[in-house]
Amino acid sequence: MTHLRFKALDQVSDRKEVKALPAPSDKISDYFGQDVFGLEQMKATLSSEVFKVVSSAIKKGKKINIDTASEVAAAAKTWAMNKGITHYTHWFQPLTGSTAEKHDSFFDASSGLEKFRGSALVQQEPDASSFPNGGIRSTFEARGYTAWDPSSPMFIYGRTLCIPTIFVAYTGEALDNKAPLLKAVEAIDSAAVRVCNYFDRNVNSVKASLGVEQEYFVVDKALYAARPDLVMAGRTVFGHNPARGQQLDDHYFGSIPSRVYDFMKDFEIQCLKLGIPVSTRHNEVAPSQFEVAPLFEEINVASDHNQLLMDVMSRVSERHDLKVLFHEKPFAGLNGSGKHNNWSLITNSGVNLFQPSSSARENLQFLTFFISTIKAVHEHADLLRASIATSGNDHRLGANEAPPAIVSVFIGSKLSNVLDELESKGNINVEKGDNMYMKLGIDNIPEIILDNTDRNRTSPFAFTGNKFEFRAVGSSDNCASPMTVLNTIVADQLTKFADEVDKMIEKGEEKRIAIVKVLRRYITESKAIRFEGDGYSDEWVKEAEKRGLSNVKSTPNAISAYLSKESKELFARFGVMSEVENEARQEIKLENYMMKIQIEARVMGDLALNHIIPTAVAYQNKLINNANGLKGLGIDNTDVVNSIKEISGYINTINSEVSNMIEERKRINKIEDVKDRAVAYCDNIKETYFEKIRYAADKLELLIDDEDWPLVKYRELLFLR
Ligand code: ADP
Ligand code: MG
């Protein structure tokens with residue numbers, strides 16, 4: 001019998017080169033966005049009055065009435081049909097973590113015509129009974145609807161016109177990732193405008209921008225298929241480290257393996273057609289790990305584009321006989337994957353509020369946003385941690401080899417000095433006029449040089465010259481969740497800031513002095529969250545504890561932060577989520593977490609019992625024959641007997657730990673309370689059994705004849721040519 005492992009390895013060595021499909025043109029500008037019904041296409045197809053209404057509604061985030069929607073629908077239909085498209089779908093992001101769609105034909109059999117009504121653009125009713133709803137909708141009244149989000153343009157994907165939408169329960173609660181994000185974007189817009197107006201009366205809108213660096217692993221499709229754990233759980237639950245891992249640091253920025261390079265070129269072309277501005281690609285730290293990053297865009301579009309990008313990558317990988325892994329930690333002992341969320345705030349006049357400048361007045365504005373963000377992270381670190389909590393990310397944050405789950409902010413030595421000076425220097429009460437800026441050392445903050453020298457790769461939340469980079473986000477996550485929280489907490493902080501400053505101005509304080517006074521206090525109050533050292537070190541874990549920062553290691557505990565009285569009020573205050581929506585979401589996350597751990601536990605048990613133990617027993621029998629043979633010949637067989645004993649030991653461990661784990665699951669499944677059950681899955685299943693079982697299985701992998709081992713090994717999975 002030949003194991004699937006060897007068949008798969010044969011397939012890999014027989015692979016023919018798959019070239020990337022040719023691009024529509026050598027010039028990207030010729031085809032960038034060709035499959036998008038964006039402003040440009042609307043302008044070309046709508047009457048100028050209708051276009052004016054639509055574009056201004058989109059820019060201002062206003063509602064579009066049904067008559068206008070009908071015009072847009074008609075134009076979109078004609079545009080799409082000219083490209084051979086017959087169907088449309090509302091494209092939405094249910095709380096399952098991926099995207100969903102239900103296709104409808106333009107063709108209306110009763111009239112014999114192709115139709116696409118405004119009402120169909122604006123609203124659709126998918127049969128939503130099987131999407132998670134956290135108890136908001138019982139399945140017998142399974143009605144939910146999707147509603148058009150004009151701020152993210154329609155696009156053609158496959159053979160279908162896709163309409164970005166939000167997903168709402170029949171009872172009115174949002175059941176997707178996008179709706180709260182849109183609310184948070186509105187919240188930060190108005191809060192930031194209010195603060196900007198202290199410095200510049202002309203600012204009337206502030207948009208949050210997001211640039212997503214997406215990390216991922218790539219493995220051969222046949223090898224993937226021969227690893228049931230990768231197929232079922234997205235990560236390997238067994239596998240001994242290869243002799244060579246990432247210790248040589250030779251993969252990072254090395255040359256890209258040719259199969260992967262063709263795959264990258266291919267998916268990039270597809271992305272560019274869809275208007276996703278992919279711009280950088282490179283190897284990452286671990287073998288077979290890579291990164292792709294588009295140019296930043298408005299947050300809602302960037303977030304949609306990231307969801308679409310992941311889908312495009314998965315589909316295109318098929319053609320190259322590859323499989324993309326978005327899991328945060330597919331391989332133990334190697335770096336995990338993240339999704340760095342680069343975030344900034346940009347005014348309608350194009351000023352990036354996180355860009356230091358040589359003008360004193362603008363620098364005070366920069367510092368206001370900069371310090372308020374740090375303060376917001378300090379006040380709501382637990383919520384930020386909660387926003388990235390998933391079972392996958394738990395393997396990356398807070399596990400043995402991973403960075404800790406402590407939220408801290410890195411700002412670099414130059415800005416640390418600026419804040420220290422601002423905090424301590426000068427009697428600002430007597431310094432009116434421009435002298436004040438000089439006294440405070442902010443008349444000329446050197447523009448931060450955008451290079452890597454002052455970068456700290458170990459910080460979960462780092463200032464990188466003109467933007468903040470939230471690095472702790474998991475690679476498979478939807479950006480909407482962390483971006484909803486980040487924008488909401490900063491909106492809240494900016495609002496509090498403006499309230500305080502207004503009050504002081506009312507009492508007769510000069511505006512600039514009021515601003516500086518509040519900022520100075522914020523610097524002092526948020527000092528504990530600032531950390532410039534090695535975020536991966538043990539010392540930091542101890543230091544953070546002394547500072548009173550939390551280090552919440554598991555998802556079930558982390559997401560409690562959403563349910564505190566303070567958080568509930570915060571989300572309600574900005575209309576981001578009602579209490580019911582919030583609670584439903586957290587329940588879904590807990591359920592999701594449990595299911596993931598349950599699947600991992602099952603895969604582990606199954607593989608242990610029907611792959612690993614039988615292999616170990618068969619090999620043990622070979623050794624027993626050998627030992628008896630040696631004995632018969634009167635040769636010393638101590639070594640073989642010792643090997644047999646060692647193998648027996650591991651077999652016994654696996655057998656007993658797996659059956660204990662199964663018993664424990666049965667007990668846990670009876671726990672009523674969702675949170676308690678999730679905590680039990682974490683503490684009593686994952687933490688108690690996974691490592692023990694894995695340790696024994698990985699030892700067996702080393703001891704057993706390579707010819708007999710049934711699972712594709714790390715060294716085979718990880719070194720693509
Ligand atoms: P890194 O050195 O971290 O890889 P890059 O300069 O390559 O940084 O940028 C990473 C991402 O940050 C890209 O998606 C880029 O478009 C985005 N980015 C750059 N400036 C901004 C900004 N002002 N706001 C949001 N994202 C930004
Ligand atoms: Mg980065």
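Sequential numbering from 1 along the given sequence is applied to the chain's residues. Just so we're clear, the structure is a prediction, and the values are computed from it rather than from any experiment.
Proximity of Ser288 to Val260: side-chain heavy atoms (C-beta onward) are nowhere separated by under 4.5 Å. You'll find the side chain of Gln270 stays beyond 4.5 Å of the side chain of Arg315, heavy atoms only. Side-chain atoms of Thr236 and Tyr714, non-hydrogen and from C-beta on, do get closer than 4.5 Å to each other. Residues Met154 and Val72 are in side-chain contact: their nearest non-hydrogen atoms beyond the backbone lie under 4.5 Å apart. Side chains of Cys682 and Ile597 form no contact here, defined as non-hydrogen atoms less than 4.5 Å apart. Here the side chains of Phe296 and Ile346 are in contact, with some heavy-atom distance below 4.5 Å. The closest side-chain heavy-atom distance from Pro460 to Arg471 is not below 4.5 Å. Looking only at side-chain heavy atoms (C-beta outward), Arg159 and His87 stay at 4.5 Å or farther from each other.
How far CG of Leu384 is from CZ of Phe470: 3.5 Å, rounded to the nearest 0.5 Å. In this structure, CG on Leu161 lies 10.5 Å from NE2 on His103, to the nearest 0.5 angstrom. Taken to the nearest 0.5 Å, the CG atom of Leu383 stands 6.0 Å off from the OH atom of Tyr562. Here the CG atom belonging to Leu272 is positioned 12.0 Å from the CG atom belonging to Asp30, to the nearest 0.5 angstrom. For the atom pair CG of Asn342 and NZ of Lys467, the computed distance is 4.5 Å after rounding to the nearest 0.5 Å. Within the model, atoms CG of Leu334 and CD of Gln289 stand 8.5 Å from one another, a figure rounded to the nearest 0.5 Å.
Although no hydrogens or angles enter the test, the distance criterion places no donor-acceptor pair under 3.5 Å between the side chain of Glu215 and the main chain of Gly474. Asp229 places a side-chain N or O within 3.5 Å of a backbone atom of Val237 that can act as its donor or acceptor partner. Proximity of a side-chain donor or acceptor of Asn487 to a complementary backbone N or O of Met483 within less than 3.5 Å is detected. Within the 3.5 Å criterion, the main-chain N or O of Ala480 finds no donor-acceptor partner in the side chain of Asn177. Between the side chain of Asp176 and the main chain of Ala174, no donor-acceptor pair closer than 3.5 Å is present. Put simply, the side chain of His90 never gets that close to the backbone of Val122: no donor and acceptor are under 3.5 Å apart. Side-chain atoms of Ser317 come within 3.5 Å of backbone N or O of Ser314 as a donor-acceptor pair. Side-chain atoms of Thr488 never come within 3.5 Å of backbone atoms of Ala184 as a donor-acceptor pair (strictly under, hydrogens ignored). Under a 3.5 Å cut-off, the side chain of Arg396 and the backbone N or O of Ala472 do form a donor-acceptor pair. The main-chain N or O of Ile299 is never found under 3.5 Å from a side-chain atom of Ser303 such that the two would form a donor-acceptor pair.
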Fill in: Candidate pair Asn478 and Gln93, rule side-chain hydrogen bond (donor to acceptor under 3.5 Å, both in side chains), full reasoning
CA-CA 9 Å; Asn478 186 320; Gln93 300 169 26; 2.9 Å; yes
Fill in: ring pair (Phe, Tyr, Trp, His ring centres under 6.0 Å) evaluation trace for Trp91 with Tyr157
CA-CA 10 Å; Trp91 182 79; Tyr157 194 42; 8.2 Å; no
Practice prompt. Could you please spell out the steps behind the side-chain hydrogen bond (donor to acceptor under 3.5 Å, both in side chains) verdict for Ser258 and Glu17?
Written response: CA-CA 9 Å; Ser258 63; Glu17 208 180 335; 5.1 Å; no
Fill in: Test log, rule side chain to side chain contact (heavy atoms under 4.5 Å, CB included), inputs Met313 and Phe263
CA-CA 8 Å; Met313 287 171 72; Phe263 160 61; 4.3 Å; yes
Item to complete: Please test Tyr681 against Tyr593 for ring pair (Phe, Tyr, Trp, His ring centres under 6.0 Å), starting from the C-alpha separation and ending with a verdict.
Response: CA-CA 9 Å; Tyr681 259 102; Tyr593 174 84; 8.1 Å; no
Discussion item. Is there a side chain to side chain contact (heavy atoms under 4.5 Å, CB included) between Trp343 and Val490? Walk through the geometry before answering.
Written reply: CA-CA 12 Å; Trp343 172 84; Val490 176; 3.9 Å; yes
Item to complete: Could you check Asp477 against Phe326 for side chain to side chain contact (heavy atoms under 4.5 Å, CB included), going step by step and ending with a plain yes or no?
Response: CA-CA 9 Å; Asp477 229 352; Phe326 288 114; over 6 Å; no
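We find that Asp394 and Arg385 are joined by a salt bridge, their nearest charged nitrogen and carboxylate oxygen being less than 4.0 Å apart. Checked for salt-bridge contact, Asp220 and Arg259 meet the test: a charged N lies under 4.0 Å from a carboxylate O.
Asp14 CG: more than 12 foreign heavy atoms inside a 6.0 Å radius. Summarising the local packing, NZ of Lys43 is surrounded by 12 or fewer heavy atoms from other residues, nucleotides or ligands at distances under 6.0 Å. The environment of Lys59 atom NZ is sparse: at most 12 non-hydrogen atoms of other residues, nucleotides or ligands sit within 6.0 angstrom. Residue Lys686 qualifies as enclosed at atom NZ: its count of foreign heavy atoms under 6.0 Å is above 12. A 6.0 Å sphere centred on CD of Glu40 holds no more than 12 heavy atoms belonging to other residues, nucleotides or ligands. Taking a 6.0 Å sphere around CZ of Arg319, one finds it holds more than 12 heavy atoms contributed by other residues, nucleotides or ligands.
Side-chain N/O atoms of Glu284 and Asn335 include no donor and acceptor closer than 3.5 Å. Side-chain atoms of Glu291 and Thr280 include no donor-acceptor pair closer than 3.5 Å. Side-chain atoms of Lys339 and Gln214 form a donor-acceptor pair, as typed in the model, at a separation below 3.5 Å. Residues Gln586 and Asn582 bring a donor and an acceptor atom of their side chains to less than 3.5 Å of each other.
By the 30° and 60° cut-offs, the orientation of the rings of Phe167 relative to Phe92 is tilted. The aromatic rings of His327 and His395 sit tilted relative to each other, their planes meeting at an angle between 30° and 60°.
Of all non-hydrogen atoms in Ala75 and Leu46, the two that sit nearest each other are CB-CD2, 3.7 Å. The two residues Met81 and Glu114 have their closest heavy-atom pair at CE-CG, 3.5 Å. The minimum heavy-atom distance between Leu121 and Ala73, with the atom names listed, is CD2-N, 3.9 Å. In terms of heavy-atom proximity, Lys207 sits nearest to Asp189 at NZ-OD2, 4.1 Å.
Every residue meeting the side-chain contact (heavy atoms from CB on, under 4.5 Å) condition with Tyr261, not counting sequence neighbours, appears here in chain and number order: Ile256, Lys265, Arg281.
A ring pair (Phe, Tyr, Trp, His ring centres under 6.0 Å) with Tyr88 is found for exactly one of Phe107, Trp79, Phe37, Phe116, namely Phe116.
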